[in-house]
Amino acid sequence: MAERAGVSDVATRVINIQSEDETGAFGRRLGEAAQPGDLIALTGDLGAGKTTLVKAIAEGLGIACGRVSSPTFALLAEHPHGRVPLYHLDVYRLTDPAQLYDLGFDDYLRRADGLIVIEWAERVATELPDERLGIIIDLGGGEHDRQFHLAARGARALELMKAVC
Ligand code: ADP
Ligand code: MG
């Protein structure tokens, strides 16, 4: 298991956000730095800003603005035409984490040709690969205040985190 050494190490950062524009700028940086095979796991209540962040990530990837919406009802949206393809999952409505595989999740992992971003990732935590960038979004005091708690597991997630903050 030597190749997995270090994966249990988690590096963390906290980012204080005060406006939707700041969320946008942060998300665009993530999109610009993302590489095929990266996985970003988003956690946060309804209205925390997960979809808003994914839209900005898509922009950073060069995906035409307006294409990304909340896929809550679709569960999965593919955006193949950016610098790196984006696979946007919203697993809010999954009743069993194993249903992820009905969406072709293991194919996406195996191909590792795009960036996977998952909303409500904590609901499928048991199925996620160890190596990922987790972002928990907490609401702050003011209407537009948010705290992003980043946790990078694995060398590539650490690199991605360092590129954006
Ligand atoms: P989620 O996908 O987590 O349910 P959405 O991104 O759909 O959340 O909605 C977030 C809402 O909060 C939007 O109406 C957005 O305009 C608002 N908002 C206010 N401040 C921020 C911020 N700093 N970052 C992201 N969204 C914000
Ligand atoms: Mg959403």
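The model shown is predicted, which means the values in this text are computed figures rather than measured ones. Computation of the quantities below employed the complete heavy-atom set of this structure, encompassing side-chain atoms and omitting hydrogens, waters and symmetry-equivalent molecules.
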Provide the closest heavy-atom pair for [X] versus [Y] in the form atom of the first, atom of the second, distance.
{"X": "Ala48", "Y": "Ile137", "result": "O-CG2, 3.6 Å"}
{"X": "Ala34", "Y": "Leu61", "result": "CB-CD2, 4.2 Å"}
{"X": "Ala77", "Y": "His79", "result": "CB-NE2, 3.7 Å"}
{"X": "Cys165", "Y": "Leu150", "result": "SG-CD2, 3.9 Å"}
{"X": "Ala163", "Y": "Ala33", "result": "CB-CB, 3.8 Å"}
{"X": "Trp120", "Y": "Asp45", "result": "CH2-C, 4.0 Å"}

Please tell me whether [X] and [Y] have a donor and an acceptor in their side chains that are separated by less than 3.5 angstrom.
{"X": "Thr52", "Y": "Glu20", "value": "no"}
{"X": "Asn16", "Y": "Gln147", "value": "yes"}
{"X": "His88", "Y": "Glu78", "value": "no"}

Single-linkage hydrophobic cluster [X]~[Y], side-chain heavy atoms < 4.5 angstrom:
{"X": "Ile15", "Y": "Ile136", "result": "no"}
{"X": "Ile116", "Y": "Tyr101", "result": "yes"}
{"X": "Leu139", "Y": "Leu53", "result": "no"}

From the list Val117, Leu133, Leu109, side-chain contact (heavy atoms from CB on, under 4.5 Å) partner of Leu39 resolves to Leu109
Taking side chain to side chain donor-acceptor pair (under 3.5 Å) as the test, write out the residues that go with Arg111, two or more places apart.
->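 Applying side chain to side chain donor-acceptor pair (under 3.5 Å) to Arg111 gives Tyr87.
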Of all residues at least two apart in sequence or in a different chain, which pass the side chain to side chain donor-acceptor pair (under 3.5 Å) check with Glu22?
-> none
Main chain of [Y], side chain of [X]: is a donor-acceptor contact present, judged purely on distance under 3.5 Å?
{"X": "Lys50", "Y": "Gly44", "answer": "yes"}
{"X": "Arg146", "Y": "Glu143", "answer": "yes"}
{"X": "Arg83", "Y": "Gly62", "answer": "no"}

Atom pair [atom1]/[atom2] of [X] and [Y] - distance to nearest 0.5 Å:
{"X": "Glu119", "Y": "Leu75", "atom1": "CD", "atom2": "CG", "answer": "11.0 Å"}
{"X": "His144", "Y": "Thr23", "atom1": "NE2", "atom2": "OG1", "answer": "10.5 Å"}
{"X": "Leu128", "Y": "Glu122", "atom1": "CG", "atom2": "CD", "answer": "10.0 Å"}
{"X": "Lys55", "Y": "Ile63", "atom1": "NZ", "atom2": "CD1", "answer": "13.0 Å"}
{"X": "Leu76", "Y": "Leu103", "atom1": "CG", "atom2": "CG", "answer": "6.0 Å"}
{"X": "Asp90", "Y": "Thr51", "atom1": "CG", "atom2": "OG1", "answer": "6.0 Å"}

Any non-hydrogen side-chain atom of [X] less than 4.5 Å from a side-chain atom of [Y]?
{"X": "Thr12", "Y": "Val10", "answer": "yes"}
{"X": "Tyr92", "Y": "Arg123", "answer": "yes"}
{"X": "Ile135", "Y": "Leu30", "answer": "yes"}
{"X": "Val54", "Y": "Leu42", "answer": "yes"}
{"X": "Ile118", "Y": "Ile40", "answer": "no"}

Hey, are [X] and [Y] close enough for a salt bridge, meaning a charged N less than 4.0 Å from a carboxylate O?
{"X": "Asp38", "Y": "Arg156", "value": "yes"}
{"X": "Arg28", "Y": "Glu59", "value": "yes"}
{"X": "Glu159", "Y": "Lys162", "value": "no"}

With sequence neighbours excluded, what pairs up with Phe105 under the ring-ring contact (aromatic ring centres under 6.0 Å, His included) test?
->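 Here no residue qualifies.
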